[in-house]
Structure formats: structure tokens, C-alpha cells
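Since the structure comes first, as C-alpha cells, the remarks are kept for the end.
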Amino acid sequence: MKLLEYEAKKIFGSYGIPVPRGVLIHSPEDLESGVAESLGDGVVLKAQVDVGGRGKAGGILMADQGSLAGTARDLFGREIKGIPVREVLVEERISIEHEYYVSIAIDRSSRKALILFADSGGVEIESVARENPDALRKASVPVILHDVPAFMLRELRGDAPKEVEKVINRLYRAFCEKDALLAEINPLVSTPSGIVAADAKLIVDDNALKRQGIEQNRDLSERERVAEEHGFSYVELDGEIGVIGNGAGLTMATLDLIEFYHGKAANFLDVGGGADQERVRHAVSLVAGVSSVRVIIVNLLGGITRCDDVARGIVEAGVHQQIIVRLAGTNEDLGKEILAGKGYRMMDSMEDAVRAAVEESR
Amino acid sequence: MIYADKKTGVIVTGATGKQGAFHISLMNEYARTVGGRGVVAGVSPGRAGQEVDGVPVYNTVRDALREHDAACSVIFVPAFAAADSIMESANAGITLAVAITEHIPVHDTMKAISFAGMNGCSVIGPNCPGLISPGEIKLGIMPAHLATRGNIGVISRSGTLTYEIVDELTKAGLGQSTVVGIGGDPVIGQTFADVLARFEDDPQTKAVAIIGEVGGSLEEEGAKSTDLPIVAYIAGVSAPPEKRMGHAGAIIEGGEGDARSKIERLRENGVPVASRPSEIPALIKKLI
């Protein structure tokens with residue numbers, strides 16, 4: 001889960017990484033008590049929304065103490081790429097001498113923490129890698145190490161201020177201790193009074209949220225919330241064919257086949273292992289509840305999952321859309337018997353099922 | 001076959017849990033049909049003295065190995081303790097740990113795989129269905145009835161999609177040497193390249209099907225690393241970026257790991273890529 005900027009800054013700050021002084025407000029009225037007065041005359045207002053390109057989309061505004069209240073009202077009235085502004089971080093304005101980039105991510109190939117440091121920050125790191133590869137330095141650290149080795153810190157820093165080494169090592173510790181998939185400071189800036197993390201990004205492993213004491217995703221749609229409650233992996237798409245499968249790979253392959261036959265899937269829904277009658281009923285109802293869905297394909301390979309349970313779940317859901325069913329594996333015949341003569345279309349192969357679903361969706 | 005054969009002794013950790021107990025009986029059923037040793041011991045802390053499907057249970061891996069000869073552990077322990085179980089296995093002398101468990105925090109996985117490596121233990125998974133060498137051994141949860149013995153190796157990041165493809169291969173008369181599910185997590189132990197290296201030393205294996213998906217670049221790295229004839233299929237051509245498609249590892253990040261560019265790079269390396277699972281058998285037949 002991606003944390004918001006102010007949450008990430010709070011964590012980075014607790015590791016001793018210098019961050020700008022700031023206050024979080026939930027409405028323009030929060031300023032009336034004078035909480036932002038100590039930040040100095042020049043301030044920056046930053047909408048706390050999880051969107052890329054926030055600055056360009058109008059989510060970051062400059063103000064001074066005189067114009068602060070008006071600017072805050074303006075920002076709280078905005079939507080940034082469709083997301084309403086509910087929280088604003090008001091920060092002291094810092095005078096930037098130079099911008100750097102630092103990030104730590106998981107390198108799947110080496111199974112290590114991959115640290116990137118660039119002499120130019122504030123821009124997308126992909127463009128630095130393309131246009132100025134010499135400005136970008138990398139180091140891989142096995143996460144069984146408590147600290148980044150000193151020689152790596154020296155290599156990463158290059159000609160940047162010595163203080164950068166401390167920041168990188170502290171970021172590495174935060175990365176490890178907070179179960180991060182990504183920890184990024186872009187830009188990391190040098191100011192007359194030292195190095196400061198002007199922005200902060202932290203993505204925490206969903207499988208570690210509980211032990212990190214972090215609440216699950218706040219920005220789920222109603223259907224996504226229901227899906228999560230039942231333990232489904234669910235992604236909304238914008239087509240007409242509802243898709244239910246068991247196993248991520250099989251469900252993805254079903255979506256790909258739909259595209260191959262020029263249909264459009266309405267969703268990705270993996271019911272997971274050992275799906276029983278209840279779960280299947282909930283899955284079918286969930287997918288059928290999307291108004292654009294004209295036809296539903298259920299593609300399940302039985303193993304621990306029993307096809308007769310699946311069939312009962314489908315019948316119980318009792319939805320109005322046509323359902324195309326492909327069941328194979330444990331108790332396949334029983335499952336087919338339950339569905340027979342009730343208007344469901346049964347297919348023996350995944351390809352036949354997908355072809356039928358695409359035809360129905362037209 | 002690779003990694004293990006019918007003579008391999010197997011222990012199961014998390015043996016008294018629902019999944020562990022269920023799959024001990026299925027693994028042993030398979031062992032009986034092929035004349036293998038199967039699961040010789042189970043491990044569940046605090047459950048020493050119990051039995052699961054006739055298999056004695058011990059408190060620790062070390063205790064189990066004191067009484068039984070085993071080289072392999074299959075891990076069904078819940079996510080919060082599974083990485084520890086991998087390390088316990090490695091520390092006690094297990095040389096292959098197959099981690100079925102899903103939802104292990106990725107930092108735990110990285111540490112456990114490092115630790116296992118330092119103790120001479122290879123890890124398959126986590127978040128994987130395990131492996132099957134038809135006629136020899138089944139380690140994990142793959143349904144045995146779909147697989148038949150033959151010369152095709154299969155390596156996959158998926159579970160049910162693997163079963164689908166094994167079924168296609170079997171129906172096309174292409175039996176399998178070993179089918180390995182390497183897992184759907186972003187960080188896994190044995191990669192495509194690692195398994196391909198094993199297949200290179202296996203006289204039974206004539207060609208390999210690799211079943212990949214969006215996220216990372218392990219498929220391309222594997223393809224580059226081997227001289228074996230390989231065929232690939234990549235799931236997730238229609239996957240939108242930044243959305244996790246079920247598997248923790250199946251996510252296109254920062255424009256990296258999307259299916260089309262993966263397929264392109266595989267083809268650049270001379271690897272035939274099936275656009276549908278059903279095309280895989282025909283592509284393999286062209287190679288052998």
C-alpha cells in the first residue's frame with residue numbers, strides 16, 4: 001500500500017532524515033488557530049492525494065501568510081485527477097540549491113535491495129537513466145545487512161554532500177524495518193541549512209500491513225471492498241464480460257483469451273484456492289452487480305475446489321445475465337448435472353468458453 | 001527428473017494444519033502408486049507424538065531428521081511463520097525447501113532465501129504449488145492425475161494455469177519430466193534460470209515450456225541463460241499497469257514487466273511464444 005506524503009515524511013523523519021517543517025490540515029478552518037504561523041512567511045500547500053504528476057495537476061500551490069487562507073480554500077475546493085482534496089500538508093518553503101534523487105526498491109532478479117542515487121532529481125528517474133546515465137548510480141544490498149556498507153555509500157554519493165550518505169543509510173533502515181517495497185525521496189534537496197527530503201514516497205508490502213500496524217487501503221470502491229472481505233483478488237476493467245476464475249494465472253489467461261477473440265473483460269476476479277459454494281455465489285453476485293456486464297464466464301479448474309460446490313454456488317446466485325461455465329476436475333460430472341437444463345452454457349475447454357462469451361457479449 | 005526422485009525422503013512442516021494434513025495424504029497416495037518413500041515425518045511445534053495419515057509428527061525439523069532420513073521439506077506453515085520454517089529446514093540440513101505458503105512478507109522471504117542459500121538449501125516458492133515428476137515424486141499440491149511421464153520440462157509462476165497447460169501437453173501426447181511451480185511472489189527462490197540449469201543436466205528433459213506472467217524480468221533472464229529448446233507463454237497481455245493481478249508479483253511497475261515487451265524480448269532471443277495456452281504443444285512438437 002502506498003502511503004501518503006505526510007505519512008511517509010513522518011516515518012522518514014523518525015529515522016532522522018531531515019524533512020521540511022509542516023502541518024497537516026483537514027479543512028481551511030484548521031488554519032484559524034494559527035498552526036501554520038511558525039512556518040515562516042513563504043509556505044507550500046500540498047494536496048495529500050495518491051496521484052502521479054500531482055504538481056502539474058494543480059495539487060501543489062505556493063502562498064505566503066497573507067494569502068494562505070484563500071489558497072487553502074482554493075485547494076480544498078479542487079479535485080486532483082478526479083480525487084477530491086481532503087487533507088493538505090502546509091510546509092515551510094525551502095530554498096533549493098540542488099536537487100538529487102534517491103530510491104530503494106526490491107530487485108527481483110538479485111533478491112536484494114536496489115539503491116538508486118542520481119545527481120539530478122525532481123524529474124522522472126526513467127528520463128535520467130535515458131538522457132544522463134552517468135548521473136545515476138546503483139548499489140545492491142542483501143537485506144540481511146543492517147546497514148549499507150560504507151564503500152557503497154561513498155560510491156552512491158559521488159560528489160554530492162557527505163550528509164547524503166547518512167540519509168541513504170537511514171532510508172535503507174526505514175526500507176527494511178517498515179517492510180517497504182519502495183522508499184523514495186524525489187527530490188532530495190540541498191539547502192543553505194543542509195539536506196532535506198522535499199518529497200517522500202513509501203510503499204509498504206500489503207502482506208506486512210498488520211505487523212506494521214497500518215490500516216488497509218482507504219480508497220477502495222464499494223465492490224473492491226466487498227471483494228476484499230471475501231478474499232477475492234479483484235480488479236475492475238471496463239468491458240462487458242464478467243470473469244471469474246480460480247488462480248491468478250488462469251484468470252489472467254482467460255482475460256487474455258477474451259482480448260484475443262476481440263471481446264472486452266469487465267473485471268479480473270480470482271476466487272482463490274478451495275472456493276466453496278458460498279464464495280462462488282458471492283463472486284457471481286459481485287460480478288453480475290456491475291451494470292455493464294452482459295455475460296459472465298466462470299472458468300474453474302477443480303482440485304481442492306469441488307465442481308459440485310461451484311455449480312451450486314452459481315445456481316444460488318440466481319443472476320439474470322447469461323453464464324458460461326467451464327468446469328474441470330474434482331466432481332466435474334456432478335457439477336455439470338446440477339447445472340444441466342437450467343439455461344447455463346457449459347463448455348469443455350477454456351477457449352470454447354471464451355469464444356461463446358465473446359459472442360454473447362455482442 | 002530434477003530436484004528429487006522416488007528415493008527422496010520428504011518432511012512436511014505445518015503438518016497438523018488443515019492444508020498440511022490433507023496434502024500429506026495426497027503426497028503419500030502418490031508415493032504409494034509410484035513406489036516412492038513419500039512423506040516420512042511431519043513437523044508442528046508442540047505436537048510431537050501425534051500422527052497424520054500414519055506419519056509421525058515432531059516438534060522441530062531437527063527432531064524429525066534425527067529419526068528419519070529426508071532431504072526435502074514441504075512448507076504449509078502460515079505466512080507469519082513460514083520464512084522461519086524455511087530457515088529451520090535449511091539449518092537442520094534440508095537441501096530443498098518447497099514453500100507452498102502464500103502472503104509471506106517479501107522482506108521475510110528475501111532473508112529466508114539468503115539464509116537457506118548460506119546453508120546449502122535451495123528454495124522453491126513461496127506462493128507456489130510445488131513440483132511433480134510423474135512416476136517419481138510429488139512435492140506440494142499439484143493434482144497428480146493430469147501429469148504423465150515424458151520428456152517435457154515445465155516451469156511456471158502460476159498454479160491452476162500450470163495444471164491447464166500440463167493437461168494440454170498430456171492430451172497432445174507430450175509427457176513431462178518435471179513440472180515446477182516456482183511461485184507467484186515478487187521474490188522467489190528458484191528462478192526460471194535456476195530450474196533451466198537443472199533441466200540442462202537432466203537427460204530425460206528434451207524441451208521446456210516456461211509459463212510466465214506480467215511483472216519482473218525473470219522469464220527473459222531464464223531464456224537467455226539456457227541452450228535448451230524452450231517455448232514460452234506469458235499471461236497478462238491484457239493486464240492494466242499498476243494493478244496487481246492476483247499474484248503479488250504480477251504487477252507492471254514503472255512501465256517494466258508488461259507482457260508485450262516480455263514476449264518481444266523472448267522472441268528476440270529466438271524463443272517461440274504461444275499467444276494462447278493451446279498453442280504450446282504444437283510449438284513444442286516443432287522443436288523436438
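Residue numbering restarts at 1 for every chain, and letters A, B, ... go by the order of the sequence lines.
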| query | Using non-hydrogen atoms only, which part of B/I165 is less than 4.5 Å away from chain A: side chain, backbone, both, or neither? | reply | neither

| Part of A/F175 within contact of chain B (heavy atom distance under 4.5 Å) | both

| note | Contacts of A/H230 meeting ring pair (Phe, Tyr, Trp, His ring centres under 6.0 Å) (sequence neighbours excluded), chain-then-number -> A/F232, A/H282

| task | For chain A, find which of B/I113, B/T109, B/V214, B/D108 contributes the most heavy-atom pairs closer than 4.5 angstrom. | result | B/D108

| query | Is a side-chain donor or acceptor of B/T148 paired with a backbone partner of B/T170 at a separation under 3.5 angstrom? | reply | no

| query | Any salt bridge between B/R260 and B/E264, counting N to O under 4.0 Å? | reply | no

| With only heavy atoms counted, which part of A/L237 is less than 4.5 Å from chain B, the side chain, the backbone, both or neither? | side chain

| note | When the 4.5 angstrom heavy-atom criterion is applied to B/F22 and chain A, the contacting part is side chain

| request: Hey, can you tell me if B/F76 and B/H23 have their rings parallel, tilted or perpendicular (30° and 60° cut-offs)? | output: parallel

| query | Does any heavy atom of chain B fall under 4.5 Å from the side chain of A/S109, the backbone, both, or neither of them? | reply | both

| remark: chain B shares the most heavy-atom pairs under 4.5 Å, among A/D270, A/D256, A/D179, A/I258, with A/D256

| field | Among A/V143, A/L145, A/L171, side chain to side chain contact (heavy atoms under 4.5 Å, CB included) partner for A/C176 | value | A/V143

| note | So, the part of B/Q19 with a heavy atom under 4.5 Å from chain A: the answer is side chain

| note | With chain A, the option among B/P143, B/A250, B/S278 that has the most non-hydrogen atom pairs under 4.5 Å is B/S278

| request: Name the option with the most non-hydrogen atom pairs under 4.5 Å to chain A; the candidates are B/S158, B/G212, B/S217, B/A248. | output: B/S158

| query | Taking C-beta and beyond as the side chain, do B/E213 and B/M245 meet within less than 4.5 Å on heavy atoms? | reply | no

| Under a 4.5 Å heavy-atom cut-off, does chain A meet the side chain of B/I234, its backbone, both or neither? | backbone

| field | Top of A/G247, A/A248, A/G329 for chain B proximity - count of heavy-atom pairs under 4.5 angstrom | value | A/A248

| message | Given heavy-atom pairs under 4.5 angstrom as the criterion, report whether the side chain, backbone, both or neither of B/E164 touches chain A. | response | both

| Using non-hydrogen atoms only, which part of B/R157 is less than 4.5 Å away from chain A: side chain, backbone, both, or neither? | side chain

| What are the two closest heavy atoms between B/E220 and B/L266, and how far apart are they? | CA-CD2, 4.1 Å

| request: Please say which of A/K81, A/K2, A/K201 ends up in a salt bridge (Lys or Arg N to Asp or Glu O under 4.0 Å) with A/D50. | output: A/K2

| said: Keeping B/T162 on the side-chain end and B/G159 on the backbone end, is there a donor-acceptor pair under 3.5 Å? | reply: yes

| Between A/T254, A/L257, A/N246, which shows the greatest number of heavy-atom pairs under 4.5 Å with chain B? | A/N246

For residues 184-196 of chain B, which side-chain donor-acceptor pairs fall under 3.5 Å, sequence neighbours excluded?
{"from": "B/D185", "atom 1": "OD1", "to": "B/N127", "atom 2": "ND2", "distance (Å)": "3.0"}
{"from": "B/Q190", "atom 1": "OE1", "to": "B/Y3", "atom 2": "OH", "distance (Å)": "2.5"}
{"from": "B/T191", "atom 1": "OG1", "to": "B/A193", "atom 2": "N", "distance (Å)": "3.4"}
{"from": "B/T191", "atom 1": "OG1", "to": "B/D194", "atom 2": "N", "distance (Å)": "3.3"}
{"from": "B/T191", "atom 1": "OG1", "to": "B/D194", "atom 2": "OD2", "distance (Å)": "3.1"}
{"from": "B/D194", "atom 1": "OD2", "to": "A/R111", "atom 2": "NH2", "distance (Å)": "3.4"}
{"from": "B/D194", "atom 1": "OD2", "to": "B/T191", "atom 2": "N", "distance (Å)": "3.0"}

| task | Output the residues of residues 347-358 of chain A for which the shortest heavy-atom distance to chain B is under 4.5 Å, in residue-number order; output 'none' if no such residue exists. | result | A/M350, A/E351

| query | Taking A/A208, A/A253, A/A113 one by one, which has the highest count of heavy-atom pairs under 4.5 Å against chain B? | reply | A/A253

| Can you name the side chain to side chain contact (heavy atoms under 4.5 Å, CB included) partners of A/H262, sequence neighbours left out? | A/R362

| chain B heavy atoms under 4.5 Å from A/I106: which part of the residue, side chain, backbone, both or neither? | side chain

| Any donor-acceptor pair under 3.5 Å linking the side chain of A/D205 with the backbone of A/L181? | no

| Can you say whether B/K111 sits under 4.5 Å from chain A via the side chain, the backbone, both, or neither, judging by heavy atoms? | both

| message | Heavy-atom pairs under 4.5 Å with chain B: which of A/K112, A/K210, A/R211 has the most? | response | A/R211

| task | For residues B/A274 and B/Y233, report the shortest heavy-atom separation together with the two atoms involved. | result | O-CD1, 3.4 Å

| If only atom types and distance count, is the side chain of A/R54 paired as donor or acceptor with the main-chain N or O of A/I80 below 3.5 Å? | no

| query | Is there a donor in the side chain of A/N207 and an acceptor in the side chain of B/H103, or the other way round, less than 3.5 Å apart? | reply | yes

